[in-house]
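Given the structure is predicted, the values throughout are model-derived calculations rather than measurements. For this chain, numbers begin at 1 and follow the sequence in order.
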Amino acid sequence: MKFGCFQPLLRGLSKFWGNSLDFRHLRSHFGGSLHKYSPEVINDVLHSVDIVEVVGQSGVELKAAGTGRLKACCPFHQEKTPSFVVTRDRQRFHCFGCGKGGDAIGFTMEHGGLTFLESLRLLAERGGVRLPALSMQDDKEEYIREQLTEFNQFACAYYKRTLGHETQGSLGRQYLQQRQLKNETLEQFDLGYVPDGWNNLLDETRKGDFKRPVVAASGMFKDGDRGFYDFFRNRVIFPIRDVSGKVVAFGGRDLGDSPAKYINSPETLIYKKSRTLYGLFYARDAMRQQKQAILVEGYFDALRCYDAGIDNVVASCGTALTPEQASLIRRYVPEVVLVYDGDPAGVKAAMKGSGILVTAGLSVRAMALPDNQDPDDFILEAGADAFRKLVEDAPDFVTFYARMSKDRAETIEGRSAVAREIFEILNVIPDTLRVDEYLKHVSRELRLSEVAVRRSFSEYREGRVHQQQYQREEETEQGTAPVYSHDDTVFLAVVMTRDDLREKVAHALKDLVMLKSVLASALECELQQRELSLESEAVSALYSAACAVDCAALQPEAQEEVVERRLNRFRRDVLESKANANERALQDAIHQKDNAQVLTLMQEQTRLRSALDKVGAA
């Protein structure tokens, strides 16, 4: 973490508190390596929980698929045939569709959008393991995270308390009364208010026991010509919570004449706007129950829906939808209904959002409210039932986009352009039946021949396949392709399953120094019964994939062939590596005219080539 960006704020705080700060001391205090919990503590937590229960309690419907193995449709991508496997004996999960895998901590991080330490603490609490307290010296970054969370809760309480203050909060209460929200809604979402003034929160902060670097890193203060001052002034405050309910940021609605009607506090260690959705903490249970999320744009849109009893609603807070937010929604529901303005900008945003959501594996429907109203205005005027009816009748995103593009669809060129824009989204949908239906909708709504539409889409898809193949070739050349293969996975799975083959591999490799690779590291962990906690993500991913392989589907002879073929590959890789090194040394000896060394190296090269011939092809 770089603290240079906080230096102006820290100087401002120095003036405010009346003390000087030594920035070199701060760097040494916060920099350096981060010491987290020991591998022993992490393993204690993992042994205290059952990954089958962890996954099952998250809403994933696991079904038995053999001894100690359970299957389900993957919660991280869209699929119809289950490829997500959990193994009880190895306490691992792996999806053969998207490749994600790991242990209970990894699943909790991925499914809940949590950090490693947040996941560890959640599982420790579930398993009854008491974690040692971390000090700033143990883990500087995590210490700052904890302090920022405490500071945000402190600020949230101050803003809420100020809203209820007889005189200081009168303007905020008056404005919220005009918005006609129930007191219960205001209370549940912890809405607050900060009066006009430069140092309201800053003055209050002096009463708390917060270190100055933490206050500077909170994003709640600015340093300018006026000195150090509050970020929010004369605004209704919306606390923004993460999926676990912690206040990570704030939004503010101006009650004066500021040109920025709505602003959000800046990103911090605990707040990344691309990974946060307003209201998700309150809506997630209803989303799971209804298997649907309604996505709106603004704070008051979400609050109005919740106020009216429509509680499966989240808001993007006026920012463009991101892939991270789409993945977050996908953890809870299979379908999203987009509610955007009906103007050209709103339609464009809806189409872009549809593409992001579809790519995340979600079914998408979209709607625009009459007269370009937002949900807040519409529900106040027409009622919650009318809004529910529109949501229920919302068309799929293809039909919505085609209908909202009717002005462009007056010409054949315009209709073709709209069709190609829709193709871009259809291309990422793996379900051919859904694509087939969508192509019929494109044909019907744009008044184009279905045959022509299908032919154009096939040409578009073929072009994209060639482009993706070219990209994959580039990735391979640049070394960014996957670092282990299907053969690696099956080999490791067989070694983990059969003791006799494990002993055979261990004996064969006793005098062989394997080349460094992901498979070699994973194999060493398995043969030496070493914990994976300190291994790389790639090693952990391979191990999880191997745990999920059903070796019972392979005949014993086939398993033995897999092992023998891989052992030969190991031997050949080592010999080829030695032969290449010997060849380079030989060329150097020839260049230096060292005849004795040349003769020795030529003999060694002959021996290595002979050994390679005996091993045979890999």
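Residue Leu567 holds its CG atom at 6.0 Å from CG of Leu509, rounded to the nearest 0.5 Å. Atom CG of Asp588 sits about 10.0 Å away from atom CD of Glu583, to the nearest 0.5 Å. Asn582 contributes atom CG, which lies 14.0 Å from atom CD of Glu576 (distance to the nearest 0.5 angstrom). With rounding to the nearest 0.5 angstrom, the CD atom of Glu424 is 11.0 Å from the CD1 atom of Ile422. Rounding to the nearest 0.5 Å places CD1 of Ile356 at 5.0 Å from CG of Leu321. Remark: Ile270 CD1 to Thr149 OG1 distance equals 4.0 Å, nearest 0.5 Å.
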side-chain hydrogen bond (donor to acceptor under 3.5 Å, both in side chains), that's the test. Do Gln555 and Gln559 meet it? Break it down for me.
CA-CA 6 Å; Gln555 294 295 325; Gln559 295 178 10; over 6 Å; no
Please test Asp488 against Val518 for side chain to side chain contact (heavy atoms under 4.5 Å, CB included), starting from the C-alpha separation and ending with a verdict.
CA-CA 9 Å; Asp488 295 341; Val518 171; over 6 Å; no
Side chain to side chain contact (heavy atoms under 4.5 Å, CB included) between Val54 and Arg126, intermediate numbers included
CA-CA 9 Å; Val54 172; Arg126 179 179 293 179; 3.4 Å; yes
Would Asp89 and Arg69 count as a salt bridge (Lys or Arg N to Asp or Glu O under 4.0 Å) if you check the C-alpha gap in whole Å, the side-chain angles of each, and the deciding distance to 0.1 Å?
CA-CA 8 Å; Asp89 57 342; Arg69 300 173 76 254; over 6 Å; no
Apply the test side chain to side chain contact (heavy atoms under 4.5 Å, CB included) to residues Phe570 and Leu519: give CA-CA distance (whole Å), side-chain angles for both, the deciding distance (0.1 Å), then the verdict.
CA-CA 10 Å; Phe570 281 143; Leu519 175 59; 3.8 Å; yes
Determine, stepwise, if the pair Arg145 / Glu118 fulfils salt bridge (Lys or Arg N to Asp or Glu O under 4.0 Å).
CA-CA 10 Å; Arg145 284 177 175 276; Glu118 287 171 340; 5.2 Å; no
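With hydrogens and angles disregarded, a donor-acceptor distance shorter than 3.5 Å links the side chain of Asn43 to the backbone of Pro39.
Between Arg566 and Asp487, no side-chain nitrogen of the basic residue sits less than 4.0 Å from a carboxylate oxygen of the acidic one, so the salt-bridge criterion is not met. With salt bridges taken as basic N to acidic carboxylate O contacts below 4.0 Å, none links Lys504 and Glu560. Salt bridge annotation for Glu110-Lys100: present, with a cationic side-chain nitrogen under 4.0 angstrom from a carboxylate oxygen. Electrostatic pairing of Glu604 and Arg607 counts as a salt bridge here, judged by a charged N lying under 4.0 Å from a carboxylate O. With salt bridges taken as basic N to acidic carboxylate O contacts below 4.0 Å, one links Arg569 and Asp573. Look at Glu335 and Arg365 and you find a salt bridge, because one of the NZ, NE, NH1 or NH2 atoms lies within 4.0 Å of a carboxylate O, short of that distance. The pair Glu561-Arg565 meets the salt-bridge criterion, since a charged nitrogen lies less than 4.0 angstrom from a carboxylate oxygen.
Residues Phe107 and Val60 form a side-chain contact, since some pair of their non-hydrogen atoms from C-beta on lies under 4.5 Å apart. You'll find the side chain of Leu131 reaches within 4.5 Å of the side chain of Val41, heavy atoms only. In this structure, Leu123 and Thr108 have side chains that are in contact, with non-hydrogen atoms separated by less than 4.5 Å. Considering only heavy atoms from C-beta on, Pro75 comes within 4.5 Å of His111 through its side chain. The shortest side-chain heavy-atom distance between Gln290 and Asp311 falls under the 4.5 Å cut-off. Side-chain contact between Pro556 and Arg498: present, with at least one pair of heavy atoms (C-beta onward) separated by less than 4.5 Å.
The closest side-chain donor-acceptor pair between Asp103 and Gln91, if any, does not fall under 3.5 angstrom. Under 3.5 Å, the side chains of Tyr282 and Arg241 contain a donor-acceptor pair of N or O atoms.
Contact detail for Ile51 and Ala104: the closest heavy-atom pair is CD1-N, 3.7 Å. Annotation for Val52 and Arg88: closest pair CG1-NH2, 3.6 Å, computed over non-hydrogen atoms.
Relative orientation of the Phe457 and Tyr460 rings is parallel, given thresholds of 30° and 60° on the angle between their planes. Classified by interplanar angle (parallel below 30°, tilted 30° to 60°, perpendicular above 60°), the ring pair Phe84/Phe76 is perpendicular.
For Tyr438 and Phe397, the ring centers are positioned less than 6.0 Å apart.
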